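FYI, the numbering just counts along the sequence from 1. Bear in mind that the values here come from a model prediction, so they are computed numbers and not experimental data.
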Amino acid sequence: MSTAYDTDGSGSRNISLKVGDDFVEDFDRAIKRGQLNGELPMDMSRSEAIRRLMKMAIEDPSLLAGEEDED
């Protein structure tokens, strides 16, 4: 995973990671399914979903203990 720092003083970072195409497609389908089921906002982006997942992991790190890394 690489990290790029914003130089505008906003205190935010851009992060990138490498995952397989199938994994991204499955994630996007899960977001779309949540949107169609009314569980997620229709305008939720992949980035927003990842931010929410990161926040959940900060609040409950045990969420990360479930599965082995598939890299």
Side-chain angles (χ1 to χ4, degrees):
M1 178 170 39
S2 66
T3 305
Y5 294 90
D6 285 343
T7 57
D8 64 1
S10 67
S12 63
R13 298 180 191 189
N14 289 323
I15 60 171
S16 65
L17 53 108
K18 192 172 190 175
V19 295
D21 290 339
D22 290 342
F23 189 76
V24 174
E25 290 171 10
D26 289 346
F27 189 72
D28 288 344
R29 275 194 292 277
I31 293 170
K32 184 55 69 181
R33 190 170 50 249
Q35 291 169 327
L36 294 173
N37 290 338
E39 299 164 341
L40 299 174
M42 289 303 288
D43 62 348
M44 178 179 275
S45 66
R46 182 188 305 143
S47 295
E48 178 61 23
I50 292 169
R51 279 190 291 275
R52 288 182 183 201
L53 290 169
M54 291 174 73
K55 184 175 180 182
M56 290 170 57
I58 290 167
E59 294 170 359
D60 182 4
S62 68
L63 295 172
L64 302 175
E67 293 186 30
E68 292 295 317
D69 192 17
E70 296 180 11
D71 284 346

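- Taking NZ of Lys32 as the reference point, atom CE of Met42 lies at 5.0 Å (rounded to 0.5 Å).
- Within the 3.5 Å criterion, the main-chain N or O of Leu40 finds no donor-acceptor partner in the side chain of Gln35.
- Taken from CG in Leu53 to CG in Leu64, the straight-line distance is 9.5 Å, to the nearest 0.5 Å.
- To the nearest 0.5 Å, the span separating CZ on Arg33 from CG on Asp26 amounts to 8.5 Å.
- With hydrogens and angles ignored, the 3.5 Å screen pairs no side-chain donor or acceptor of Asn37 with any backbone N or O of Glu39.
- Phe27 and Leu36 fall into different hydrophobic clusters, where Ile, Leu, Val, Met, Phe, Trp and Tyr side chains are chained together by heavy-atom contacts under 4.5 Å.
- Residue Ile31 holds its CD1 atom at 7.0 Å from CE of Met44, rounded to the nearest 0.5 Å.
- Here the side chains of Asp60 and Met56 are not in contact, with every heavy-atom distance at 4.5 Å or above.
- Residue Val19 forms a side chain to side chain contact (heavy atoms under 4.5 Å, CB included) with just one option from Leu17, Asp21, Asp22, and that option is Leu17.
- Applying the side chain to side chain contact (heavy atoms under 4.5 Å, CB included) test between Arg52 and each of Met54, Lys55, Glu48 identifies Glu48 as the sole match.
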